[in-house]
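By convention in this document, chain letters (A, B, ...) are assigned in the order of the sequence lines, proteins followed by strands, and residues within each chain are numbered from 1.
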Protein chains: 2
Amino acid sequence: MIPRAAKTQRRTRIQEEKEEKILEAALDVFSAYGFRGATIDQIADAAGMSKPNLLYYFRTKEAIHRALLDRMLFTWLEPLRAFDPQGNPESEIRSYIRRKLEMSRDFPRESRLFANEILQGAPHIEDELKGPLKALVDEKAQVIRAWAKAGKIAPCDPYHLIFSIWATTQHYADFDVQVQAVLGDKAGGGRFEDAARFLEDLFMHGLAIK
Amino acid sequence: MIPRAAKTQRRTRIQEEKEEKILEAALDVFSAYGFRGATIDQIADAAGMSKPNLLYYFRTKEAIHRALLDRMLFTWLEPLRAFDPQGNPESEIRSYIRRKLEMSRDFPRESRLFANEILQGAPHIEDELKGPLKALVDEKAQVIRAWAKAGKIAPCDPYHLIFSIWATTQHYADFDVQVQAVLGDKAGGGRFEDAARFLEDLFMHGLAIK
DNA sequence: CGATAAATTGACCGATTGGTAAAAGCTTAC
DNA sequence: GTAAGCTTTTACCAATCGGTCAATTTATCG
């Protein structure tokens with residue numbers, strides 16, 4: 001009856017397909033309207049199924065939202081996790097910026113889902129922010145601080161450095177409409193490369209690297 | 001009957017007070033939930049009046065939202081407008097960053113209202129973005145480009161520079177929950193000054209100023 | 001004061017919200 | 001096949017949504 005508690009403990013092929021389809025549709029809707037602004041009917045429509053059918057796979061609106069956030073939070077922190085204390089500051093920071101920027105380009109909906117959640121007070125992921133996220137940032141902040149102490153980069157507040165990289169890279173996903181409106185038809189093709197070059201330069205010179 | 005079209009063309013004292021109270025309450029609600037996530041009942045509650053009474057002053061939910069956006073958009077662009085082509089790059093950019101950061105500190109709800117609107121595709125202010133905003137940015141971009149050509153700052157894409165300043169400064173208002181979660185109790189007092197110092201350093205060194 | 005206009009309210013409307021009940025249709029394993 | 005369980009649908013629910021209405025209360029002004 002209830003798929004997630006099926007006797008078999010195994011998920012059917014149909015289950016996997018439908019849940020995937022629902023999450024895909026839900027990502028569209030939640031990222032565009034936030035949790036409260038999104039409706040189950042809208043998601044069901046986008047997923048091409050009836051509302052009761054959707055609610056057969058996810059019992060509540062919150063359950064869909066939570067599933068999306070869980071899946072997203074992991075991949076979202078991947079670039080920061082990949083930050084290597086053994087690497088040299090230049091390539092590490094440079095590739096971190098690039099990876100975050102690539103995520104904004106390739107997964108703008110995920111970025112907006114996250115932004116909506118934070119913007120509205122992070123009611124569903126407060127614990128994840130104060131727990132795992134904070135721990136990871138603390139760890140990487142120590143790495144950056146060590147680099148500064150070793151004279152490899154200019155001394156700076158590592159937390160605000162990380163915030164700045166987050167802000168500037170995610171800006172291109174979250175505020176895309178504004179970016180498009182301001183840039184107009186200018187450099188329609190190489191926009192990503194332009195942003196990457198600018199941000200890498202900014203942070204490299206800003207940190208007195210090279 | 002309808003206050004905004006009163007015979008007198010003048011607004012009563014009561015009208016001004018109540019409209020102010022409504023906009024104040026609406027700012028709370030819209031900035032926290034976005035347009036679709038906010039409800040009139042909620043705003044009426046927060047404003048301490050009945051829903052029909054609120055609708056006596058603003059005919060629709062959209063009217064309240066639009067009034068908020070109009071008022072906000074003007075002040076929001078003030079710092080960029082104050083950007084002085086005659087001034088020297090260092091003090092202009094430095095004070096622009098500081099002013100934007102002060103706005104994030106002093107008017108976080110306005111920042112989030114704007115962020116919500118952009119995030120959700122800017123359905124209500126698309127024209128303002130493509131019109132007045134773009135024009136203003138184009139103008140200031142020319143100034144920055146001239147500074148670069150004159151060798152006063154390192155050559156860089158002025159648009160992405162402006163985007164970066166927007167992103168980093170507004171981040172402290174829009175993503176406040178995340179910033180709080182990561183920083184914890186650290187430097188509870190001087191947080192604003194820390195951010196200001198970091199950002200000014202970053203952009204000054206990034207632009208090879210001084 | 002009295003009269004006229006402005007402000008406020010409770011009752012209400014149709015549409016939409018998140019979600020449920022139950023029965024019908026469909027797969028799968030034996 | 002057939003029976004068991006999985007999937008889907010139709011019909012429906014109470015609550016809430018944005019908004020209206022008529023009637024009442026309150027402020028303003030000569």
Is A/Glu24 salt-bridged to A/Arg109, cutoff N-O under 4.0 Å? yes
Looking at A/Lys130 and A/Glu126, is any side-chain nitrogen of the basic one under 4.0 Å from a carboxylate oxygen of the acidic one? yes
Quick one: bend of the helix from C/dC1-D/dG30 to C/dC30-D/dG1 from 5 pairs per end, to 10°? 10°
To the nearest Å, give me how far apart [atom1] ([X]) and [atom2] ([N]) are.
{"X": "A/Asn53", "N": "C/dG18", "atom1": "CG", "atom2": "C1'", "value": "16 Å"}
{"X": "A/Gln15", "N": "D/dG5", "atom1": "CD", "atom2": "P", "value": "15 Å"}
{"X": "A/Glu16", "N": "D/dT7", "atom1": "CD", "atom2": "P", "value": "11 Å"}
{"X": "A/Glu17", "N": "D/dT7", "atom1": "CD", "atom2": "P", "value": "11 Å"}
{"X": "A/Phe58", "N": "D/dT8", "atom1": "CZ", "atom2": "P", "value": "13 Å"}

Got a sec, which residues hit ring pair (Phe, Tyr, Trp, His ring centres under 6.0 Å) with [X], two or more places apart in sequence or on another chain?
{"X": "A/Phe30", "value": "A/Phe35, A/His65"}
{"X": "B/Phe203", "value": "none"}
{"X": "B/Phe83", "value": "B/Tyr96, B/Trp147"}

With sequence neighbours excluded, what pairs up with A/Arg197 under the side chain to side chain donor-acceptor pair (under 3.5 Å) test? none
Using the test side chain to side chain donor-acceptor pair (under 3.5 Å), find all partners of B/Tyr172 that sit at least two apart in sequence or belong to another chain. A/His160
B/S/- contact track for nucleotides 10-22 of chain D, protein heavy atom under 4.0 Å: BB-----SBBBB-
Might you list the N or O atoms of the protein lying below 3.5 Å from N or O atoms in nucleotides 23-29 of chain D, with each pair's distance?
none

Evaluate the salt bridge (Lys or Arg N to Asp or Glu O under 4.0 Å) criterion for residues A/Arg66 and A/Glu128: first the C-alpha distance (whole Å), next the side-chain angles of each, then the deciding distance (0.1 Å), finally the verdict. CA-CA 12 Å; A/Arg66 158 130 331 248; A/Glu128 279 85 350; 3.8 Å; yes
Any side-chain N or O of A/Tyr56 less than 4.0 Å from the OP1 or OP2 oxygen of C/dG19? no
Contacting residues from residues 22-29 of chain B, given that a heavy atom lies under 4.0 angstrom of DNA chain D: none
Detail all sub-3.5 Å separations between protein N/O atoms and N/O atoms belonging to nucleotides 24-26 of chain C.
none

So, using side-chain contact (heavy atoms from CB on, under 4.5 Å) as the criterion, who are the partners of A/Phe192 when residues are at least two apart? A/Arg98, A/Leu101, A/Glu102, A/Arg105
Listed by chain and number, what are the side-chain contact (heavy atoms from CB on, under 4.5 Å) partners of A/Asp45, not counting sequence neighbours? none
